[in-house]
Number of protein chains: 2
Amino acid sequence: MEELTERQKLILTLIIHEYARTATPVGSKGLVDQYRLEMSSATVRNEMASLTERGYLRQPHTSAGRVPTEEGYRFFVGRLLHQTDLPDSTQRMISHQFYQTRRDVEQWMRLAASVLAHQSHAASMITAPHPERARVKHIELISTRGRQVLIVVVMVGGEIHQRLVTLSEPVSQAQLSATADRINQLCQGKDFEDVYSSRSTLPSLEQDVISWVKEEIEHKDTLAAGEIYLDGIANIMSQPEFSGTEDGRRTLRILEERSLLQNVLTRTLMHSSFGGVEVLIGGEGTWEELRQCAIVLSRYGVPGLASGTLGVLGPMRMSYGRTISTVRFMSSLLSDLVSETLVE
Amino acid sequence: MEELTERQKLILTLIIHEYARTATPVGSKGLVDQYRLEMSSATVRNEMASLTERGYLRQPHTSAGRVPTEEGYRFFVGRLLHQTDLPDSTQRMISHQFYQTRRDVEQWMRLAASVLAHQSHAASMITAPHPERARVKHIELISTRGRQVLIVVVMVGGEIHQRLVTLSEPVSQAQLSATADRINQLCQGKDFEDVYSSRSTLPSLEQDVISWVKEEIEHKDTLAAGEIYLDGIANIMSQPEFSGTEDGRRTLRILEERSLLQNVLTRTLMHSSFGGVEVLIGGEGTWEELRQCAIVLSRYGVPGLASGTLGVLGPMRMSYGRTISTVRFMSSLLSDLVSETLVE
DNA sequence: TTTAGCACTCTCTTGTTTAGAGTGCTAAAA
DNA sequence: TTTTAGCACTCTAAACAAGAGAGTGCTAAA
């Protein structure tokens, strides 16, 4: 079967646009009227029939209008992916907000989630930039009460870990500080993994501390990498396809449980390049729960140092043009911010 | 008008129970059948009429059953507040989960939110324990790149703040460490407020650092006190009164925006004692947006040192018995945990 | 190749009817 | 005096029917 004609592409595009707007199947007559097309509804009907045959459109029932299929959206998005850009004024407005706030990752994440949600009228999600290699910049041991010691770890990249541990016997603050100093020396410029594996020759206190730090780092790697900032949930729950339906509840549960989300984000983070935008439509056969949804994702950060993922989750009929360009822009903006404030 | 008779109280209680179960107005006949009452439906009808007159019940329309009013719930909850307790087995099960996980506030918050949501079948919210007086336990200055310096502040209580600042001229790590040491000396056992106000005689670097720290602490006090852990949103969105309705969307927005929530939580935190449970029904005239909801709240922590708030938000017909006992138990459990792990 | 025309098929809305649940009142029973 | 059986009445929600409207595919003419 041959390529689509320009006119067919136009009609497909218009149907997608109209369906995004109204959320109801779009018919030939309405389309011609709405967009002042230079052809009759009969012509549109013929093209629609052809598009339906090719699997880009679908009829809910015999006498209803057409609705785009997943295939239809994929085709549309494929053409869209490398062209649209956010208006300059919007870009400046957004940047401004970021450069006005404090240099605080947490706030940036919230702000980013908020901007994404607002621009796309959908739900947004973003993970904080996560360092690729675990290197300890600085470690501090603080005696608190009895044998309790607070370990504070500053990673290269600026992340901070803390952990409260109980020693087997009391140790003075002076000794603790000295121990911390020695460990700091060892960590200088090395991956923490290496420090950990060469710990066997050290005194037992040092060894213990290094083990605790290691545990903490890995702990956060697995668990609190689950820290996903969300926003705009209310946006999608007021869409008709989610509002009162079982699908809506399922989607809400996905957002809340975060394990599936985590799954999707990390999988994208794995084999995706920086700055590029990925679009998952209808779960792509892998995630049954996302049947009704589409996700627009991008990885951001500084290659080799730290990276995170951000994206938008919405109904399949979301406004892809706007969403994709917003995601792309936010990705590059955050990459800039991260590279400017990386602690080395 | 006299007190309610025992029988009226019984009927009111049963209606509340039945309405919580079915979410539909409950009629005299059904009530007698369901609970095998030793009286006829006509008697129940008479009592219902009386309860309606007193404002504890309400009829959606002439030939419908009765629905509890806010007043009805208040009366019911007032009687309930000081008696119910979570089953021992449940208490042990929950404690076990907490003592099994790491001593990590973030995880505790997540776990607490999850437990509350599960037990109450509603939405839960909880804020991390926040120290009452700001006292700095330890401060650290770490040189990163050029004139950038990372300030790490460990508060009494265990909170950690970090902030990246840019000095006006480069300072060596050794000098930074010395400065940090001097400030640490000053902070020993004092409220940071006092350190701040007596800073004028210090060298300019010290003064700058103290100002930055002060800013950071206040910043977190106002903004990131907004860190509210939520769970169970899906629970309430699948309740019939929220599912497809405008009220549902409004409630969702409340949970997402958090400013109103913040408002409610802090206001409770102000004039509420520790361990006690507060129940807000239908916004209590103050919060129009919560018309359909009820909130069960408690303050937890260690008086004078650190405290947070936890609670459950659900439909007004929520199961108060279970919710109140869960909230009370969680409040005391978390208080214990906080007091055990406070950094002094 | 496009389009006007038309018969046909669905759904959605609207109006009507009906069954059922629930009420309040009255009068008899306890 | 309190409870209950009986009954007329009210209102909702479900069921059904009818008609309007939107949309389609096909055919034949432009």
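Since the structure is predicted, the reported quantities are computational estimates derived from the model, not experimental observations. First the proteins, then the strands, lettered A, B, ... as listed; each starts at 1.
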#### Entry: Interface residues of residues 22-39 of chain A with DNA chain D (non-hydrogen, below 4.0 angstrom)
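Nucleic-acid contacts, sorted: A:Gly27, A:Ser28.
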### Message
Does anything in residues 39-61 of chain A form a ring-ring contact (aromatic ring centres under 6.0 Å, His included)? List the pairs, not counting sequence neighbours.
### Response
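For residues 39-61 of chain A, and leaving out neighbouring residues, the ring-ring contact (aromatic ring centres under 6.0 Å, His included) pairs sorted by first residue read A:Tyr56-A:Phe75.
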### Message
I need the full list of ring-ring contact (aromatic ring centres under 6.0 Å, His included) pairs touching residues 237-264 of chain B, with sequence neighbours left out, sorted by first then second residue.
### Response
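Non-adjacent pairs meeting ring-ring contact (aromatic ring centres under 6.0 Å, His included): zero.
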### B:Arg250 with B:Glu246: basic N within carboxylate O range, under 4.0 Å
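Not counted as a salt bridge, because no side-chain N and carboxylate O are separated by less than 4.0 Å.
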### Query
So, A:Glu71 and A:Arg74, do they make that salt bridge, N to O below 4.0 Å?
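Result for this pair is yes, salt bridge flagged.
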### Task
Verify the distance criterion only: is there a donor paired with an acceptor across the side chains of A:Thr326 and A:Thr323 at less than 3.5 Å?
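Side-chain D/A pair, A:Thr326 to A:Thr323: absent.
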### Message
Would you say A:Arg299 and A:Thr309 are linked by a side-chain donor-acceptor pair, where the criterion is simply a distance under 3.5 Å?
### Response
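The answer is no; no qualifying pair exists.
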Below 3.5 Å between N/O atoms, which protein atoms pair up with nucleotides 11-13 of chain D? Just atom names and distances, please.
{"unit_1": "D:dC11", "atom_1": "OP1", "unit_2": "B:Thr62", "atom_2": "OG1", "d": "3.2"}
{"unit_1": "D:dC11", "atom_1": "O4'", "unit_2": "B:Ser63", "atom_2": "OG", "d": "3.4"}
{"unit_1": "D:dC11", "atom_1": "O2", "unit_2": "B:Ser63", "atom_2": "OG", "d": "3.1"}

### Task
Using atom CG of A:Leu57 as one end and atom C1' of D:dG23 as the other, report the distance to the nearest whole Å.
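It works out to 14 Å between those atoms.
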### Query
Where along nucleotides 24-30 of chain C does protein come under 4.0 Å, by heavy atom, of base (B) or sugar-phosphate alone (S), with - for untouched nucleotides?
B------
### Task
Provide the full list of salt bridge (charged side-chain N to carboxylate O under 4.0 Å, His left out) pairs with a residue in residues 33-42 of chain A, sequence neighbours left out, each pair given once.
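Only A:Lys29-A:Asp33 qualify under salt bridge (charged side-chain N to carboxylate O under 4.0 Å, His left out).
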### Query
Which pairs with one or both residues in residues 230-241 of chain A pass salt bridge (charged side-chain N to carboxylate O under 4.0 Å, His left out), sequence neighbours excluded?
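Counting only pairs at least two positions apart or across chains, the salt bridge (charged side-chain N to carboxylate O under 4.0 Å, His left out) contacts touching residues 230-241 of chain A are A:Glu241-A:Arg317.
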### Task
Using the test side-chain contact (heavy atoms from CB on, under 4.5 Å), find all partners of B:Ser238 that sit at least two apart in sequence or belong to another chain.
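Listed in chain order: A:Arg249.
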### Task
Taking side-chain contact (heavy atoms from CB on, under 4.5 Å) as the test, write out the residues that go with B:Ala20, two or more places apart.
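With neighbours one apart ignored, the set is empty.
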#### Entry: Partner set under side chain to side chain donor-acceptor pair (under 3.5 Å) for B:Ser124, not counting sequence neighbours
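Applying side chain to side chain donor-acceptor pair (under 3.5 Å) to B:Ser124 gives none.
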### Task
Side-chain contact test, heavy atoms from C-beta onward, threshold under 4.5 Å: evaluate it for A:Val277 versus A:Ser331 and give yes or no.
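No, every pair of side-chain atoms sits at 4.5 Å or beyond.
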### Counterpart residues, salt bridge (charged side-chain N to carboxylate O under 4.0 Å, His left out), relative to B:Arg7 (two or more places apart)
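Scan of B:Arg7 (salt bridge (charged side-chain N to carboxylate O under 4.0 Å, His left out), adjacent residues dropped) gives B:Glu47.
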### Query
Does A:Arg7 place a side-chain N or O at less than 4.0 Å from the phosphate oxygens OP1/OP2 of C:dT1?
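No, no such contact exists.
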#### Entry: Nucleotide-level pairing of DNA chain D, given in dot-bracket where Watson-Crick and G-U pairs need both distances under 3.5 Å and | marks other strands
||||||||||||||||||||||||||||||
